[in-house]
Every structure is written in C-alpha cells, then in structure tokens.
Amino acid sequence: MESILERFGHVQDEYMRQGGYDLESRAKEILHGLGFEDEQIEGDVGALSGGWKMRVGLARILLGRPDVLLMDEPTNHLDIESILWLEKFIGGYAGAVLMTCHDKDFMNRIVDRILEIDTGEFTSYSGDYDFYVRERAISEANREAAYARQQAMLAKERRFIERFAAHAAKAAQVQSRVKKLEKIEQVELPRHRHVVEFRFRQPGRSGEDVVEMKGIRKGYGERVIYDGFDFRVRRTERWCVMGRNGAGKSTLLKMIAGVSEPDAGTVRLGASLRMGYFAQQSLELLDPSRTVFEQMQHDFPSSRRAS
C-alpha cells in the first residue's frame with residue numbers, strides 16, 4: 001500500500017505539472033475564443049457544420065500545447081473575433097509556429113520569417129509579409145540589373161571574339177576570352193508573377209434605393225433573430241455586416257437575396273437591379289452532380305463560348 005500511495009503521489013504531481021486539473025477550463029477558454037457557445041461545447045461534434053468541425057480540430061491542437069504548431073490556412077472559416085483571439089494566442093505561444101496563410105494582415109501581426117517556394121527554389125526572408133514583398137521587389141530589381149550588365153559584357157566579349165577570330169596575332173586573347181565565357185555563371189532573369197486581370201462590364205444604373213427592409217421579423221423556433229428591423233441600402237453605398245457567429249448575418253443576406261423569407265415585414269429590391277449572391281455554403285447554389293463546366297453552362301446558357 002505504501003508503494004502504491006507513493007506511486008500515486010508521483011503520478012498526481014506529474015498530472016498537476018502538465019496541467020491536468022485545469023484541462024477542462026483551458027479547453028473551454030480556447031473554444032470560447034474560437035466562437036463556441038456553451039451549448040455548442042456540450043453538444044455533439046457530429047451535428048456541427050464543416051467550418052465548426054474545423055474549429056474543433058484547431059482547438060484540439062492548441063489545447064495539446066505541442067512544441068511545434070503546423071497550421072494550414074488557420075484563419076479559414078474564422079470570423080474576425082476568432083482571428084483576433086488566435087493572433088493573441090499565437091503571440092503568447094512558447095513553441096515554434098509554421099503555417100501557410102493567405103491573410104496578409106494576419107501574417108504581418110504574427111510571423112517574423114517568410115519562406116518563399118518558387119518553382120522548386122526556397123528563399124528565406126527575415127521579417128513579416130510586407131517586409132518580404134519589399135525585399136523580393138528589391139531582389140528582383142537587382143537581379144534584372146545584374147542580368148543587363150552581364151548581357152552587355154557578354155555581347156562585348158562575343159564581338160571581340162568574332163572580330164579577331166581569324167587574326168593570328170590575337171589568337172591567344174581570343175582563346176582566353178572563349179574560356180572566360182565558358183566559365184561564367186549565367187545570371188537568369190527573375191520569374192515574374194503574372195496577375196490575371198478581369199474586366200467587368202459597367203453595370204446599368206439601378207434605382208436610388210437598392211434594398212429596403214421594413215418591420216422585419218425572423219426567428220428559428222423560440223430564438224428571435226430580428227424583430228421590427230428596418231434597413232436600407234442606397235445606390236453606390238458599400239456595406240459590411242459584422243457580428244458574432246449566430247447573430248444573423250447570413251440570415252440577413254439570405255432574406256435580401258430571396259433565399260429565405262422573413263416571418264413578418266417586407267423586403268423590396270430597387271428598380272433595374274441585377275443581384276449576384278455568393279452563399280456561405282457553396283452547395284446551396286451549386287449542383288454537386290455537375291462538373292464545373294456543366295455548372296457554368298447551366299447558369300449561363302446564352303453566353304457565347306470563348307474561342
């Protein structure tokens with residue numbers, strides 16, 4: 001019994017040292033930071049959408065406190081509040097972090113080194129994303145200048161060789177310059193990134209009122225999202241709808257797009273209005289049985305095929 005109690009004491013100390021007693025509280029802190037409500041935390045993971053399952057996976061990794069965090073696009077499916085919380089968490093993280101990311105602002109606030117992979121070549125930059133962009137531009141400009149200088153030198157040497165190739169008196173010099181050219185390491189031009197440009201047709205002029213919502217009420221069961229809500233968007237205005245998860249952002253857009261009907265109130269679209277709606281869940285608008293080309297043909301049957 002004494003040996004068992006001694007062993008239990010050692011195990012208990014180790015459990016405490018590794019944070020076993022505060023594991024549940026830390027898990028809830030991380031899940032709350034990633035936008036989970038208490039009822040979601042107590043619920044079944046299988047009932048969550050793909051985006052929320054991704055957050056559960058991220059929380060599991062963060063809770064494990066590994067020596068190295070490998071994250072592939074960690075800001076995908078996160079709202080602004082969750083991204084800000086994740087920035088704070090990573091900023092105080094003691095381990096190493098290696099991630100791929102397309103969020104420039106997130107990288108500027110988090111990373112201090114950038115590894116560029118370009119056609120099998122690896123280049124390391126010490127700094128954030130903005131520093132990387134500046135240094136890459138300077139490096140490309142220097143490389144282009146070195147290429148131009150080398151091409152001018154090579155042209156001069158080749159002209160000399162061509163001019164005096166048949167002169168016996170210059171044979172030694174010609175041979176020396178030929179060998180020199182053979183040993184020169186050629187400077188290559190940097191590979192320029194081609195940016196695809198899209199030209200959008202000038203849309204027709206709509207009415208002054210684009211969207212007008214009056215007395216909107218919308219709820220899901222006992223939960224009321226909107227009650228007596230009025231909203232108007234006028235021509236040339238640009239709005240961003242912000243709020244916590246579940247606040248009703250997607251519901252608002254769905255009612256404007258006509259995908260969802262309000263329980264009460266009216267939604268009126270302006271005159272001469274053509275709407276483009278991009279849903280949060282792509283399968284709401286796409287047919288998974290079609291190929292990409294078939295989907296485009298279905299949505300735009302009258303468009304002429306590009307030659």
Side-chain angles (χ1 to χ4, degrees), residues 15-16 18-66 68-95 97 99-103 106 110 216-229 240-265 277-289:
Y15 184 73
M16 182 183 299
Q18 295 194 19
Y21 288 109
D22 63 346
L23 183 64
E24 184 174 347
S25 62
R26 286 194 295 112
K28 288 186 176 180
E29 178 185 357
I30 292 174
L31 289 169
H32 286 152
L34 293 177
F36 284 86
E37 301 292 343
D38 287 333
E39 56 268 23
Q40 289 176 296
I41 294 176
E42 300 298 331
D44 184 4
V45 175
L48 299 175
S49 65
W52 285 103
K53 289 178 181 177
M54 186 279 296
R55 297 191 191 203
V56 174
L58 178 58
R60 180 176 64 87
I61 297 299
L62 300 181
L63 183 62
R65 292 179 176 176
V68 181
L69 274 176
L70 302 179
M71 296 188 293
D72 189 359
E73 298 291 345
T75 60
N76 282 0
H77 304 289
L78 296 184
D79 55 17
I80 293 177
E81 290 84 0
S82 299
I83 291 175
L84 293 176
W85 178 87
L86 183 60
E87 287 179 3
K88 184 178 179 181
F89 182 93
I90 295 178
Y93 186 70
V97 178
M99 68 178 179
T100 63
C101 187
H102 288 91
D103 189 332
F106 185 79
I110 293 298
I216 297 297
R217 177 181 175 83
K218 183 67 175 178
Y220 297 96
E222 297 181 354
R223 184 183 180 189
V224 178
I225 305 296
Y226 295 100
D227 189 11
F229 177 71
C240 177
V241 182
M242 299 181 64
R244 294 180 60 86
N245 284 305
K249 303 185 296 297
S250 296
T251 299
L252 176 63
L253 297 183
K254 287 180 179 180
M255 288 190 293
I256 294 175
V259 177
S260 176
E261 296 292 332
D263 299 332
Y277 173 56
F278 182 72
Q280 184 179 25
Q281 300 296 330
S282 59
L283 287 181
E284 294 179 9
L285 301 177
L286 303 178
D287 185 347
S289 66

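These numbers come from the heavy atoms of this one structure, side chains and all, not from hydrogens, waters or symmetry mates.
In this view, Val241 and Lys249, Leu252 satisfy the side-chain contact (heavy atoms from CB on, under 4.5 Å) rule, not counting sequence neighbours. Remark: Ser25 pairs with no residue by the side-chain hydrogen bond (donor to acceptor under 3.5 Å, both in side chains) rule, at least two apart or across chains. Judged as a side-chain hydrogen bond (donor to acceptor under 3.5 Å, both in side chains), and not counting sequence neighbours, Arg65 has no contacts. Under the salt bridge (charged side-chain N to carboxylate O under 4.0 Å, His left out) criterion, Glu24 pairs with Lys28, not counting sequence neighbours. A search for side-chain hydrogen bond (donor to acceptor under 3.5 Å, both in side chains) contacts involving Asp38 returns His32, not counting sequence neighbours. Residues satisfying the side-chain hydrogen bond (donor to acceptor under 3.5 Å, both in side chains) test with Tyr220, not counting sequence neighbours, are Thr251. Phe106 meets the ring-ring contact (aromatic ring centres under 6.0 Å, His included) test with no other residue; sequence neighbours excluded. Under the side-chain contact (heavy atoms from CB on, under 4.5 Å) criterion, Leu63 pairs with Leu23, Arg26, Ala27, Ile30, sequence neighbours left out. Here Glu81 pairs with nothing under the salt bridge (charged side-chain N to carboxylate O under 4.0 Å, His left out) rule; sequence neighbours left out. For the salt bridge (charged side-chain N to carboxylate O under 4.0 Å, His left out) test, no residue two or more places apart in sequence or in another chain qualifies with Arg60. Annotation: ring-ring contact (aromatic ring centres under 6.0 Å, His included) contacts of Tyr15 (sequence neighbours excluded): Tyr21. With sequence neighbours excluded, the residues forming a salt bridge (charged side-chain N to carboxylate O under 4.0 Å, His left out) with Glu37 are Arg244, listed by chain and number.
The CH2 atom of Trp85 lies 8.5 Å from the CD1 atom of Ile90; values are rounded to the nearest 0.5 Å. The CD1 atom of Ile41 lies 4.5 Å from the CG atom of Leu31; values are rounded to the nearest 0.5 Å. In this structure, Trp52 CH2 and His77 NE2 are separated by 12.0 Å, a value rounded to the nearest 0.5 Å. One finds the CG atom of Leu253 at 11.0 Å from the OG atom of Ser260 (value rounded to the nearest 0.5 Å). The distance from atom OG1 of Thr75 to atom CG of Leu86, rounded to the nearest 0.5 Å, is 8.5 Å.
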*Take Met99 and Leu69 through the side chain to side chain contact (heavy atoms under 4.5 Å, CB included) test and state the conclusion after the steps.*
CA-CA 8 Å; Met99 68 178 179; Leu69 274 176; over 6 Å; no
*Kindly indicate, with the supporting measurements, whether the criterion side chain to side chain contact (heavy atoms under 4.5 Å, CB included) is fulfilled by Phe229 and Lys218.*
CA-CA 9 Å; Phe229 177 71; Lys218 183 67 175 178; over 6 Å; no
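Looking at Tyr277, its side chain never comes within 3.5 Å of a backbone N or O of Ile256 through a donor-acceptor pair.
Here Asp263 does not pair with Arg217 in a salt bridge; the nearest charged N to carboxylate O distance is not below 4.0 Å.
Taking the side chain as every heavy atom from C-beta outward, Ile110 and Glu87 approach each other to under 4.5 Å. Here the side chains of Ile61 and Met71 are not in contact, with every heavy-atom distance at 4.5 Å or above. Considering only heavy atoms from C-beta on, Ser82 stays 4.5 Å or farther from Phe36 through its side chain. Side-chain contact between Asp227 and Ile216: absent, with no pair of heavy atoms (C-beta onward) separated by less than 4.5 Å. Within the 4.5 Å cutoff, the side chain of His102 has heavy atoms near those of the Glu73 side chain.
Pro262 approaches Gly265 most closely through the heavy-atom pair CG-O, 4.1 Å.
Heavy atoms from other residues, nucleotides or ligands lying under 6.0 Å from CD1 of Ile80 number 12 at most. Under a cut-off of 6.0 angstrom, the local environment of NZ in Lys53 is crowded, with over 12 non-hydrogen atoms contributed by other residues, nucleotides or ligands.
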